[in-house]
Undergrad: 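Input: one structure, supplied below.
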Amino acid sequence: MNYSQCWLNYNPIDNYEDRDMLSDIGICIATNQISTIIENAVSELSYALKRMLNINCNKEYMTEDDQYEELKSGIILRLNTKDKSGYNNEGYSIKHIDKTVRIEAETESGILYGCFDLIRRIAQGELIRGIDIMEKPKNNIRILNHWDNMDGSIERGYSGKSFFFKNDELIINERTRDYARLISSVGINATVINNVNVHGAASDLITDRYLDKLRIMADIFAGYNIRLFLSANFAAPIEIGGLTVSDPLDKDVIDWWKKCVKNIYDKIPNFGGFLIKADSEGRPGPFTYGRTHADGANMLARALKPYGGLLIWRCFVYNCQQDWRDYKTDRARAAYDNFIGLDGKFDDNVILQIKNGPMDFQVREPVSTLFGGLKKTNMILEVQAAQEYTGQQRDVCYLIPMWKEILEFETYSKHGGSRVADIVSGRTYNQINCGLAAVSNTGNDYNWTGHDLVASNLYGFGRLSWDTELSSEEIAREWAVQTFPHNGKVIKAVLDILMKSWPVYEKYTSPLGIGWMINPHNHYGPNVDGYEYDRWGTYHRADRYGLGVDRTVKSGTGYIGQYNEPNASMYENKESCPEELLLFFHYIRYDYRLKNGKTLIQHIYDTHFEGVEDVEEMIKSWESLQGLIPDDIYERVRKRFDIQYRNANEWRDVVNTYFYRKSGINDEKGRKIY
Ligand code: GCV
């Protein structure tokens, strides 16, 4: 096989205390609906038990409930469609009763997730004697967005080429199924396989040319409870339909989409729907025709509605032709300004997909104001597992702590529980079509994610989208234990590296929420003024006295006014603004004293020196694992650390030198600045 199994290695577990209890088992399947999902669940469970505990499972199917009641031993999978026990569709329970372990669910997908859960527990050495749990996902939509192009390249892809496309054709092979196993094992239930920037042949993906093959792929995914979605081109009626417009209120356009969608569902009955990037970075959209985003989204949603399809519409809409001399226009304001007036105007199968921050996946950003603003609109939180601005899978950066902070942010949208996690799960406003999306970090590299350690971000996204209350440490530990050989020292070192990695990356790159300062276009490596005099609206505004963007209501762009109180006042005031975001919200002088007594300039110098020292520490930790983990993983990660070390040095010197030259202020500690 030319790829690894990541966390589905199912490494042997020595001395598992409940092995005896499981050693004489069969898997009994109590259901008369033997579907592909059930078959996949059973085959995964028996494969995992064989590999982890060397247990051979016999499978027995039974259809009558009384037979099921009489079973005295074994793992019993029971599809209980009669008594609605509150599993909530994809939920399940696992109970140990006498000599049986019973996984029950209302749906086949619940059984599948229950099996993956049991495997995960055993893989971590957790004893199942006495287990009695009930689980259900916190979010209904748990979706990956792949930015894969049909020529096989991946936009912002850092782990090889696409495993979905090559030379304008779809790839379907063993890896397709293993991809489905991998993401389903952590609860992901939907995927968009093509880039939101729909170029070239990708416009045709929704036509007969590709539908038969897509159906094969959709069926493989469906066997793991994953729905296939496609990114579509808003101008498809022109590009592939021969019409002269793609105006969402034009009758011919409406009919064209209806026919197109009907044709898709005729071929792919389990098709999930479309993801649309419109009026954004040059993509076509309803603005061309003087229409709103609600007009555009609803038109497509209505075509999908009869088939249960969803329309996911991105809010990444901003002016990318800005003049850097203009201090009033603020890209951070754009998503809110464009969408808040449309709240309540979207159909119920439209979902707005909102990036976590108001800018673009920087190492530190505040939470997008739309989460606290929209009240009558379905929302998906979009995060980026692909590390476009956070080290591109060459530098390790475990992103779950960042996503946790976002999910836990209280928006004050409604009294009594409106954290981002509550809003995007639909709990706050009783919505169903809500959830989490991640821009995927996968490619056809042997280890799927380029850097072995950042497979933890893919794993973690799935686990967090299922249960937003899991902690970052729990997720990191689960992943590490399932990925590496069972050894306390290995797990401790890996956890330590992962948990440090985001703060370390932040230390040696852009300070206190200001973002960017990267090389234009490829977005790797330092370049403080890289975007400063450009059109993208991403400025740091550094001069000889200080830096930062004034986004206050009082004297700045007014962005802060988009937050609900008391967040708005907290950010407006320099003293109460969380320091890690100080430069995002305020222009600050270099001699301003932070809470720890250091000046801003000294903070910049110190963190950049520390960042490099921290990378040295991480490297030492990794080196202590040589011989304890497989050599190939050891070597791959070791090489990545060399790159990270060089990168961190480069960032330190470029950033420190830049600010030394701008400010003329010496480092108090007299270290070398160029
Ligand atoms: C897919 C940023 C990235 C683009 C990406 C875009 C988006 O601008 O640099 O590569 O395009 O975000 O999220 O649509």
Side-chain angles (χ1 to χ4, degrees), residues 143-159 161-162 164-165 191-200 202-203 205 229-235 274-285 287 293 296-297 312-322 330-332 334-335 338-339 351-363 365 368 370 379-393 399 403 406 436-443 461 509-510 515-525 527 530-531 534-539:
I143 187 167
L144 280 182
N145 291 187
H146 293 268
W147 288 353
D148 292 25
N149 299 314
M150 293 209 50
D151 62 2
S153 63
I154 302 180
E155 181 153 348
R156 312 303 176 189
Y158 312 107
S159 12
K161 297 274 183 204
S162 172
F164 295 126
F165 305 108
T191 186
V192 191
I193 57 169
N194 64 315
N195 190 356
V196 286
N197 290 326
V198 184
H199 319 279
S203 295
L205 258 183
F229 283 70
L230 294 174
S231 297
N233 183 346
F234 192 78
F274 296 133
L275 171 66
I276 307 284
K277 172 174 178 178
D279 290 318
S280 168
E281 300 184 331
R283 305 315 303 153
F287 284 167
H293 279 234
I312 307 177
W313 188 271
R314 294 175 90 229
C315 293
F316 187 57
V317 178
Y318 68 97
N319 171 11
C320 63
Q321 298 293 343
Q322 203 181 315
D330 182 2
R331 170 166 163 180
N338 279 306
F339 285 90
I351 308 159
L352 294 189
Q353 184 167 299
I354 305 163
K355 288 193 181 185
N356 60 265
M359 299 299 274
D360 194 10
F361 304 133
Q362 300 302 293
V363 68
E365 280 187 53
S368 166
L370 273 176
M379 281 176 260
I380 283 180
L381 162 68
E382 177 181 326
V383 295
Q384 194 187 41
Q387 295 166 238
E388 177 177 357
Y389 297 96
T390 50
Q392 304 199 347
Q393 291 149 240
L399 292 165
W403 301 342
I406 294 153
L436 263 67
V439 178
S440 185
N441 59 355
T442 51
F461 168 72
T509 56
S510 68
W516 312 95
M517 301 189 172
I518 25 93
N519 280 312
H521 313 302
N522 78 351
H523 297 172
Y524 188 78
N527 186 340
Y531 278 111
D534 212 331
R535 62 184 171 93
W536 297 93
T538 55
Y539 313 117

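Side chains are part of it too, since the values below use all heavy atoms of this structure and drop only hydrogens, waters and symmetry mates. The structure displayed is predicted, hence computed values, not measured ones. Each ligand, and each atom within it, is numbered from 1 in the order the structure gives. The first residue in the sequence is number 1, and the count goes up from there.
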Undergrad: Can you pull out the closest protein heavy atom to atom 2 (C) of ligand 1? Residue, atom name and distance to 0.1 Å, please.
TA: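 Looking only at protein heavy atoms, the one closest to atom 2 (C) of ligand 1 is D360 OD2, 2.9 Å.
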Undergrad: Are any of the heavy atoms in V439 under 4.0 Å away from ligand 1?
TA: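 The answer is no: ligand 1 sits nowhere under 4.0 Å from a heavy atom of V439.
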Undergrad: Testing the basics here: between N145 and A437, what is the closest heavy-atom pair and its distance to 0.1 Å?
TA: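 Smallest interatomic distance, heavy atoms only, reads ND2-CB, 4.2 Å.
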Undergrad: Taking atom types as modelled and ignoring hydrogens, do the side chains of S159 and Q393 form a donor-acceptor contact shorter than 3.5 angstrom?
TA: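 Note: S159 and Q393 side chains meet the donor-acceptor criterion.
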Undergrad: Of all the non-hydrogen atoms in the protein, which one sits nearest to atom 3 (C) of ligand 1, and at what distance?
TA: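 Residue, atom and distance for the closest contact: E388 OE2, 3.3 Å.
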Undergrad: Under the salt bridge (charged side-chain N to carboxylate O under 4.0 Å, His left out) test, which residues partner R331, sequence neighbours left out?
TA: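 Salt bridge (charged side-chain N to carboxylate O under 4.0 Å, His left out) list for R331, sorted by chain: D360.
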Undergrad: Write down the atom of H293, the atom of D279, and the distance for their closest heavy-atom approach.
TA: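 Reported closest heavy-atom pair: NE2-OD2, 3.1 Å.
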Undergrad: Looking only at protein heavy atoms, which one is nearest to atom 1 (C) of ligand 1, and what is the separation?
TA: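 Its nearest protein heavy-atom neighbour is N197 ND2, 3.2 Å.
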Undergrad: Take the angle between the ring planes of H523 and Y389 and call it parallel below 30°, perpendicular above 60°, tilted in between.
TA: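 Ring orientation, 0 to 90° scale: parallel.
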Undergrad: Would you indicate which of K355, M359, E155, R283 comes nearest to atom 13 (O) of ligand 1 when only heavy atoms are counted?
TA: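 Shortest heavy-atom distance from atom 13 (O) of ligand 1: K355.
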Undergrad: Suppose we measure from atom 6 (C) of ligand 1 to each protein heavy atom; which comes out shortest, and what is that distance?
TA: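 So the nearest neighbour among protein heavy atoms is E281 OE1, 3.3 Å.
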Undergrad: I'd like to check whether N195 has a polar contact with ligand 1, where a contact means an N/O of the residue lying under 3.5 Å from an N/O of the ligand.
TA: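 It does not: no N or O of N195 is found under 3.5 Å from an N or O of ligand 1.
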Undergrad: Can you name the salt bridge (charged side-chain N to carboxylate O under 4.0 Å, His left out) partners of D148, sequence neighbours left out?
TA: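 Here no residue qualifies.
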Undergrad: Which ligand 1 atoms, with their elements, are less than 4.0 angstrom from a heavy-atom of R156?
TA: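 What qualifies from ligand 1 is 3 (C), 4 (C), 9 (O), 10 (O).
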Undergrad: Considering non-hydrogen atoms of the protein only, which is the closest contact for atom 14 (O) of ligand 1, and what is the distance?
TA: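 For atom 14 (O) of ligand 1, the nearest protein heavy atom is K277 NZ, 2.6 Å.
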Undergrad: Show which atoms of ligand 1 fall inside a sub-4.0 Å distance from at least one heavy-atom site of F316.
TA: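 Counting from 1, the qualifying ligand atoms are 6 (C), 7 (C), 8 (O), 12 (O), 13 (O), 14 (O).
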Undergrad: With no hydrogens and no angle check, just 3.5 Å: does a side-chain donor-acceptor pair link E281 and Y318?
TA: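 Present: a donor and an acceptor within the cut-off.
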Undergrad: Any non-hydrogen atom of Q384 lying under 4.0 Å from ligand 1?
TA: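 No, that is not the case, since the closest heavy atom of the residue is not under 4.0 Å from the ligand.
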